[in-house]
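To keep things clear, I will list the structure first and then write my remarks on it.
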Amino acid sequence: EVRGQLIAPSVKTTDRYCLFFPKQRQQMGQHRKKGAKKNPKGTKKGDKIHGQKKGKKGEAAAYMTRAQALAKLQMPLADFRKLCILKGIYPRDPKKKPHGLDKTYYHSKDILFLSHEPLLNKFYELKTFAKKFKRLMGRNEQDLAKGAEDRKPKYTLHHLVRERYNSFEDAVRDLDDAMSMLALFQALSADQKREIPAEAVNEASRLYQEFQLYVIRAQALRKVFASVKGYYFQAEIHGQTITWLSPHQFAQELPPEVDFRVMLTFLEFYRAMVKFVNFRLYADLGLAYPPKRNSLRDAGSAEVAALEVEMREAGRAREAAVEQSEKADAEVSAAVAEDFGAESQEALEMQRRVAEQTRMKSTFRGLRVFVNREVPLKPVYFVLLCGGVAEVGWERGATAGGSAGAGSAFSVGSKSITHQLVDRPPAQLDSRTGREYVQPQWVFDSFNVGCQLPVALYAPGRAPPPHLSPFVDDQAEGYVPRQRELLDTLAKEASIGSASANAADSANVPGAPPAASAAPADARGSQTARYQEELRAEAQGVWHSEFKEQEDEAKEQRAKAAIAEVEAELTGKATQKKVDELENPGLKWLPTDEAPAEPAAKPTEDEEERLRAKALMPKKHKRLLQRIEKTAKNKEEANARLTKKRRQLEKAEA
């Protein structure tokens with residue numbers, strides 16, 4: 001009765017029992033609902049009955065939006081961008097974008113990787129410091145604010161450099177962007193409105209000059225090209241090709257649409273990386289790092305020259321190092337020729353590379369060059385020293401009435417000057433005997449060719465020849481300019497001379513075969529004879545293009561005659577029809593009983609295979625191939641137009 005009083009009268013006996021025993025009630029409910037219809041699994045709720053929530057599994061869960069990453073890391077957008085740049089993490093482009101196509105996605109593992117970064121705590125400390133410092137400045141507590149600024153949290157990026165580059169070769173391979181960024185900021189000036197600090201500009205200038213000094217000492221420069229954007233340089237360091245762009249030294253106008261905070265973040269990492277790289281490069285050469293600076297030349301804005309304490313001693317040491325490296329290269333080429341054979345492909349390739357590098361290193365050997373004030377000193381000085389020049393003097397930074405700048409090796413009146421670089425009309429020159437006056441382009445073209453070009457083409461007041469880019473392969477492009485043909489001819493002559501010099505040097509090396517470093521005599525004789533024929537034709541008023549056409553026609557005639565002789569030997573007789581067809585391709589013969597009409601030429605096996613592969617292609621790939629073929633055809637037509645225009649100009653000038 002007591003239990004009956006506690007339970008309402010309307011509750012059944014079974015329900016009364018289940019109120020006090022919930023486990024038995026659950027079993028009874030399962031038994032009652034055994035035949036009932038189950039709820040379909042959906043994606044609306046995240047419980048066991050309706051399934052898993054959308055975006056919690058699979059490819060959709062592998063990515064998150066930028067807003068989700070910011071919420072997980074608890075940091076503002078500016079710090080998140082900076083941290084991603086320093087760690088080398090970039091947005092992803094997943095196939096499925098569950099949160100919309102207009103969102104920026106990051107990989108979840110990348111964000112998890114960022115969450116364990118020690119810099120994250122430093123950013124939190126800097127944020128706290130900014131709040132305290134702002135509060136102190138608002139209260140006008142200058143002493144406390146100054147003390148707080150002295151205790152400002154600092155961080156380094158050394159662990160990030162070691163983390164992103166496992167080996168030194170990886171860091172050297174990534175020097176292209178680093179050098180371009182350093183060269184850009186060393187040409188800028190500090191700007192408070194754009195948040196460009198002076199210390200960043202100064203350090204970028206110092207690191208870039210130290211890298212240039214290493215390239216000079218190692219003589220690793222291979223190519224240079226002056227363009228509208230600036231100067232393109234290419235160096236070979238530890239077997240890696242490094243190409244960077246250095247802007248012109250003009251007053252730069254900062255565009256308003258460029259976010260320099262992002263660029264400064266890249267610069268911050270590159271500054272830390274280049275310090276490691278420069279230290280290792282200097283250690284390989286046996287030099288102390290950082291190098292000492294000449295305060296006199298530094299005050300005269302001599303840039304790279306300020307890093308060399310004694311220019312004359314450095315020049316002599318560089319020449320001695322070049323001679324030693326040439327002997328070492330000769331020994332290496334002799335060893336390769338001995339191991340693989342004098343006529344092997346490895347030995348010939350080694351000889352070619354050694355000869356090319358030797359020519360570039362000794363292009364300006366023995367010269368004493370003076371640079372006028374109107375000539376850009378930085379790139380010219382850099383290329384001259386990489387080419388093996390003895391000494392360089394300059395006029396920039398000279399006082400009123402002075403003849404040489406601060407730190408210059410000699411003045412303009414020195415009688416030992418062999419070449420003077422000028423960029424002004426001849427009427428404004430104070431000509432002196434015993435020296436050559438040339439324009440700055442002569443330095444770049446001579447270095448790219450590997451020999452000193454004739455100075456008459458680069459005389460002051462005269463339009464210099466076209467400045468061709470060494471980064472373009474004209475043979476692959478399909479059109480070889482006239483200037484490129486002349487430069488290639490001069491390069492071949494210089495390579496023949498260097499090959500003969502190397503042969504004389506290697507004759508003293510024990511175990512070196514005579515044919516390992518000397519070019520064949522027949523090849524030298526044929527090249528010299530052809531060059532003399534071109535000179536005779538040019539003296540008679542025949543243009544180079546016409547001479548080349550005549551030479552090609554003569555080759556075709558000789559080939560046709562050879563084919564006719566072979567056919568006559570095979571068939572026992574040569575019909576007049578075949579001979580006339582070879583000599584006159586446009587001549588048509590009437591079909592006779594003795595000479596039936598020949599069938600059309602069948603496609604070769606390669607052409608048939610290409611046609612079959614094209615027929616089996618999907619429509620998408622076939623259209624892509626058609627666009628590629630159309631681009632190649634347009635390129636050929638453009639080259640043909642250039643060739644035709646060149647012939648017309650040559651005939652008009654004749």
Side-chain angles (χ1 to χ4, degrees), residues 54-55 57-63 88-110 170 173-174 176-177 239-241 243 344-346 348-349 352 469-481 484 548-549 552-553 555-556 559-560 562-564 566-567 570-571 577-578 581-582 584-591 595-646:
K54 183 179 180 181
K57 191 177 181 181
E59 186 180 0
Y63 300 94
I89 293 175
Y90 299 95
R92 303 293 185 95
D93 187 18
K95 294 182 179 179
K96 296 182 180 180
K97 301 180 180 180
H99 298 282
L101 301 177
D102 57 338
K103 299 292 190 300
T104 303
Y105 290 86
Y106 290 86
H107 204 281
S108 300
K109 290 186 177 180
D110 291 341
D170 295 337
R173 196 180 298 114
D174 201 23
D176 300 59
D177 295 337
Q240 304 291 336
T241 302
T243 306
S344 63
Q345 185 177 0
E346 292 82 0
L348 295 176
E349 180 66 19
R352 186 191 64 80
S469 173
F471 299 95
V472 178
D473 188 358
D474 297 309
Q475 297 290 345
E477 293 294 328
Y479 174 74
V480 181
R484 176 59 63 193
K548 202 169 183 181
E549 289 178 0
D552 294 341
E553 291 176 0
K555 288 181 181 179
E556 291 178 1
K560 291 176 182 177
I563 294 172
V566 172
E567 289 184 353
L570 294 175
T571 59
K577 173 185 176 182
K578 292 182 179 180
E581 284 181 353
L582 289 171
N584 302 314
L587 183 62
K588 294 183 180 180
W589 281 70
L590 296 176
E598 295 182 0
K602 294 182 179 180
T604 61
E605 294 183 0
D606 295 339
E607 293 176 352
E608 290 181 353
E609 184 67 24
R610 181 180 176 84
L611 292 174
R612 285 195 296 267
K614 191 174 181 180
L616 296 175
M617 275 185 179
K619 186 181 294 183
K620 183 177 181 181
H621 295 175
K622 193 178 295 184
R623 289 175 180 173
L624 180 61
L625 180 61
Q626 290 175 356
R627 288 196 293 269
I628 294 173
E629 292 176 346
K630 184 179 179 181
T631 303
K633 185 178 179 182
N634 293 338
K635 190 176 181 180
E636 293 178 358
E637 293 176 354
N639 294 335
R641 288 194 299 268
L642 287 174
T643 306
K644 183 179 179 181
K645 184 178 179 181
R646 174 178 166 182

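What you are looking at is a predicted structure, and each value in this text was computed from that prediction instead of being measured.
We find the NZ-CD distance between Lys614 and Glu629 to be 4.0 Å, quoted to the nearest 0.5 Å. Residue Lys97 holds its NZ atom at 9.0 Å from OG1 of Thr104, rounded to the nearest 0.5 Å. Interatomic distance, NZ of Lys109 versus CD1 of Ile89, reported as 13.0 Å (0.5 Å rounding). Taken to the nearest 0.5 Å, the NZ atom of Lys103 stands 9.5 Å off from the CG atom of Leu101. One finds the NZ atom of Lys622 at 9.5 Å from the CG atom of Leu625 (value rounded to the nearest 0.5 Å). Arg612 contributes atom CZ, which lies 9.0 Å from atom CG of Leu616 (distance to the nearest 0.5 angstrom).
A pairwise comparison of heavy atoms in Asp176 and Thr243 identifies OD2-N, 3.1 Å as the closest pair. Looking at every heavy atom in both residues, Ala61 comes nearest to Ser108 through O-OG, 3.2 Å. Considering every non-hydrogen atom in both Tyr105 and Gly100, the closest pair reads OH-O, 2.8 Å.
In this structure, the side chains of Arg623 and Lys619 come closer than 4.5 Å at one or more pairs of heavy atoms. Side chains of His107 and Tyr63 form a contact here, defined as non-hydrogen atoms less than 4.5 Å apart.
A side-chain contact (heavy atoms from CB on, under 4.5 Å) with Val480 is found for one member of Asp473, Asp474, Thr643, Asn639 and no other, namely Asp474.
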Query raised in the report: When you look at Arg646 and Leu642, which way does the side-chain contact (heavy atoms from CB on, under 4.5 Å) test go after all the steps?
Result: CA-CA 6 Å; Arg646 174 178 166 182; Leu642 287 174; over 6 Å; no
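A 6.0 Å sphere centred on CD of Glu637 holds more than 12 heavy atoms belonging to other residues, nucleotides or ligands.
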